[in-house]
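A quick write-up on the structure given underneath.
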Amino acid sequence: KTFPRGRKVSIPVPSIPLEFPAGVTVCQVASGGYHTMALADDGRIFSWGHGTEGQLGYPLDGFGVQNAPREVDSWSVLKMPGIHISCGQEHSAAVSKRGEVYCWGLGKSGQLGHGNKNSSAVPIKVRNVDHAASVSCGSAHTVVKTKAGRLFTWGEGNQGQLGHGN
């Protein structure tokens, strides 16, 4: 489940496809400030990039950088497939096949939806949101659309991005 660490270089032209384990077909990608995630068609989640706030979903060594896709073991232990993913500046979110929302990473603005401002390196279920269909992360806020078309927002709202009119 651990892949080569890769190289830390800028590549100005798309020319090198990323490597995933045999049999993995990526069906969705999401990119945040300094990290990226991929959702496989079997519901597994992979992440890479800068992860010092826990947004990659696994413990890191060295400077907190994972330079190649790696399966998010903390998602896999939940034993439920993901159906949608999103990356914020320093947090991540996923919707499970059951319609549950999970968030992890930096929580200092409440963007994880856990009722506090704590950070977490493992996915934790967001309460009060069921039947989710998709999730979208901003820099420090999170938005979920339910299967019924209702929107739920939480996190940093100092620019009106939560849409609550206050």
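Sequence positions, counted from 1, serve as the residue numbers for this chain.
Gly54 and Trp104 get closest at one heavy-atom pair: O-CD1, 3.2 Å. A pairwise comparison of heavy atoms in Cys137 and Ser86 identifies N-OG, 2.8 Å as the closest pair. The two residues Ile11 and Ile16 come nearest to each other via the heavy atoms CD1-CD1, 3.9 Å. Closest of all the heavy-atom pairs between Val24 and Ala40 is CG1-CB, 3.8 Å. Here the closest non-hydrogen pair linking Gly105 and Leu112 is O-CD1, 3.4 Å. A pairwise comparison of heavy atoms in Cys103 and Val126 identifies SG-CG2, 3.8 Å as the closest pair.
Side-chain contact between Met80 and Arg98: present, with at least one pair of heavy atoms (C-beta onward) separated by less than 4.5 Å.
Side-chain atoms of Ser119 come within 3.5 Å of backbone atoms of Gly107 as a donor-acceptor pair (strictly under, hydrogens ignored). Ser74 places no side-chain N or O within 3.5 Å of a backbone atom of Val122 that could act as its donor or acceptor partner.
Note that the NE2 atom of His35 and the CH2 atom of Trp48 stand 10.5 Å from one another [nearest 0.5 Å]. The CG atom of Asp130 sits 8.5 Å away from the CZ atom of Phe152 when rounded to the nearest 0.5 Å. Atom CD in Gln159 sits 11.0 Å away from atom NE2 in His141 (nearest 0.5 Å). In this structure, CD1 in Ile85 is found 12.5 Å from OG in Ser134, a value given to the nearest 0.5 Å. Rounding to the nearest 0.5 Å gives a distance of 9.5 Å between NE2 of His84 and NZ of Lys145. The distance from the OH atom of Tyr34 to the CD atom of Glu53 is 12.5 Å, given to the nearest 0.5 Å.
Hydrophobic clustering of Ile, Leu, Val, Met, Phe, Trp and Tyr side chains at less than 4.5 Å, counting indirect connections, keeps Ile45 apart from Ile83. Hydrophobic clustering of Ile, Leu, Val, Met, Phe, Trp and Tyr side chains at less than 4.5 Å, counting indirect connections, keeps Leu151 apart from Leu162. Tracing side-chain contacts under 4.5 Å through hydrophobic residues (I, L, V, M, F, W, Y), one reaches Trp75 starting from Leu39; they form part of the same cluster. No single ILVMFWY cluster, assembled from side-chain heavy atoms under 4.5 Å apart, contains both Tyr102 and Val135.
A cation-pi arrangement, defined by a distance under 6.0 Å to the six-membered ring centre and an angle within 45 degrees of its axis, is present between Arg70 and Tyr58.
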- Stepwise side chain to side chain contact (heavy atoms under 4.5 Å, CB included) test for Phe46 and Leu18: CA-CA 12 Å; Phe46 295 81; Leu18 296 181; over 6 Å; no

- Task: Assess whether side chain to side chain contact (heavy atoms under 4.5 Å, CB included) is satisfied between Val29 and Met37, documenting all intermediate values.
- Result: CA-CA 6 Å; Val29 295; Met37 293 197 310; over 6 Å; no

- Assess whether side chain to side chain contact (heavy atoms under 4.5 Å, CB included) is satisfied between Lys125 and His114, documenting all intermediate values. CA-CA 8 Å; Lys125 183 181 174 196; His114 302 148; over 6 Å; no

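In this model, a donor atom of one side chain and an acceptor atom of the other lie less than 3.5 Å apart for Thr153 and His164. A donor-acceptor pair shorter than 3.5 Å cannot be found between the side chains of Glu156 and Ser139.
The residue from Lys117, Gln89, Gln111, Gln55 that alone fulfils the side chain to side chain contact (heavy atoms under 4.5 Å, CB included) condition with Leu106 is Gln111.
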